[in-house]
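See structure below.
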Amino acid sequence: MRITIAGAGIGGLATALSLHAAGLTDLTVHEAAPEIRPLGVGINLLPHAVRELTELGLADRLAAMAVPTAELAYFNRFGQPIWSEPRGLAAGYRWPQYSVHRGELQLLLLDAVRERLGADAVRTDSRITTLTHDTDLLVGADGIHSTVRAALNPTEGAPPWNGLVLWRGTTVAPPFLTGRSMIMAGDGTQKFVAYPIGDGTRINWIAEQPLPGDAPDRGNWNRPAEPAAVAAHFADWRFDWLDVPGLITAAEAVYEYPMVDREPLASWSGEGVVLLGDAAHAMYPVGSNGASQAILDARALAHSLATTGSTAAYEENRRPATTALQLANRQQGPEVVMRLAHERAPLGFDDIETVVPLAERTAIAEAYKRTAGFDPAVLNSRPSWSVTR
């Protein structure tokens, strides 16, 4: 089977590695950019995605460049703790959770593809613009502005904006809390996220709030913003354990991104064509799922093609799961605990148990893990998607 992959992002490169591992080696990755550079900032890889990368033989490389997340903790806008839980191995998973620079992860995958499939397996400055191709399958892994998706759905238009804007940056700063904590603070409208990447001395952060007017450059992660202007929105967010405006102001660069997603599709496929990753199911960056879900897609697609010769099982497995996740993220996913705490105690609280009881917080967290596919018991016992050749 001859396969063309449109897009050399995390999803496209993971697909190439997954297909190769499953014995499908007649493939080429086409990337529109003239050069693949380590762009972007930090992302989180959840244990289900780390499992798939581990089974692709990348565990040691990944561990060498990533911070193993120790805990996820939620706070209100005053820095008061709402909910925290261990993550990765400490939470009973067989695989860690990692915080990593997106661009560095992309280069790791690129190097592995070229090592295993050859230097010519990835072709840059090569944009796929039509569904007409000379291979058996075209995989559209070309992101939220996918030309493959647009060709399958020509009337869809631009991704819808929900009125919120994200600012993202990294700052060299001292560690906070455990030194491997991922924190989210907010009130359901404004939100601040931070976690260490690299060697742990660089803090990746995301600031979020509503923005009046229309949203320019929807889906563009590289629109620059002024750090001081962003910090002004969070001027009084100084906690005993983290200086939010100080962290923002000290960033080397800040990028603005209107929060957009895509409507769930009734089908991801056409004649000899299938979608994957953000091209199939772009979702709000809630719950650390964007890159992780693309990696799951890649492995599920390779398993489907290798075992059945078609994409039907892939779409049957992945489309309902990601549709549920897209919709859950529109409702704030597990981050809803911050909104609930604000609605019930807008000026703060003395005892979180009287505001959002532990049973309610636990139920929210566990429900989201099931929806996103990383319930620890289910993930630890699920059969591998590797294909024995």
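These numbers were taken from a predicted model, which means no experiment stands behind them. Along the sequence shown, residues carry numbers from 1. We use all heavy atoms of the structure for the numbers below, so side chains are in, but hydrogens, waters and symmetry mates are not.
- Judged purely by atom type and a 3.5 angstrom limit, Asn153 has no side-chain atom pairing as donor or acceptor with the backbone of Glu156.
- Between the side chain of Arg238 and the main chain of Ala235, a donor-acceptor pair closer than 3.5 Å is present.
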Worksheet entry | Criterion salt bridge (Lys or Arg N to Asp or Glu O under 4.0 Å) on Asp187 and Arg77, from CA distance to verdict | CA-CA 6 Å; Asp187 57 14; Arg77 62 177 294 126; 3.0 Å; yes
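- Looking only at distances, no side-chain donor or acceptor of Thr171 sits under 3.5 Å from a matching main-chain atom of Ala173.
- Checked by atom type and distance alone, the side chain of Tyr255 never pairs as donor or acceptor with a backbone atom of Val41 at under 3.5 Å.
- Side chain of Thr362 to backbone of Ala359: no donor-acceptor contact under 3.5 angstrom is found.
- When the salt bridge (Lys or Arg N to Asp or Glu O under 4.0 Å) test is applied to Glu263, the partners found at least two apart in sequence or on another chain are Arg330.
- In this structure, Leu211 CG and Leu164 CG are separated by 9.0 Å, a value rounded to the nearest 0.5 Å.
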Practice prompt. I would like to know whether Trp241 and Phe239 meet ring-ring contact (aromatic ring centres under 6.0 Å, His included); could you show each step before the answer?
Written response: CA-CA 5 Å; Trp241 47 274; Phe239 313 146; 5.2 Å; yes
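- The list of ring-ring contact (aromatic ring centres under 6.0 Å, His included) pairs with a residue in residues 304-353, not counting sequence neighbours, reads Trp268-Tyr314.
- Under the 3.5 Å distance criterion, the side-chain polar atoms of Arg123 are left unmatched by any main-chain donor or acceptor of Val29.
- Thr25 places none of its side-chain heavy atoms less than 4.5 Å from the side chain of Leu117.
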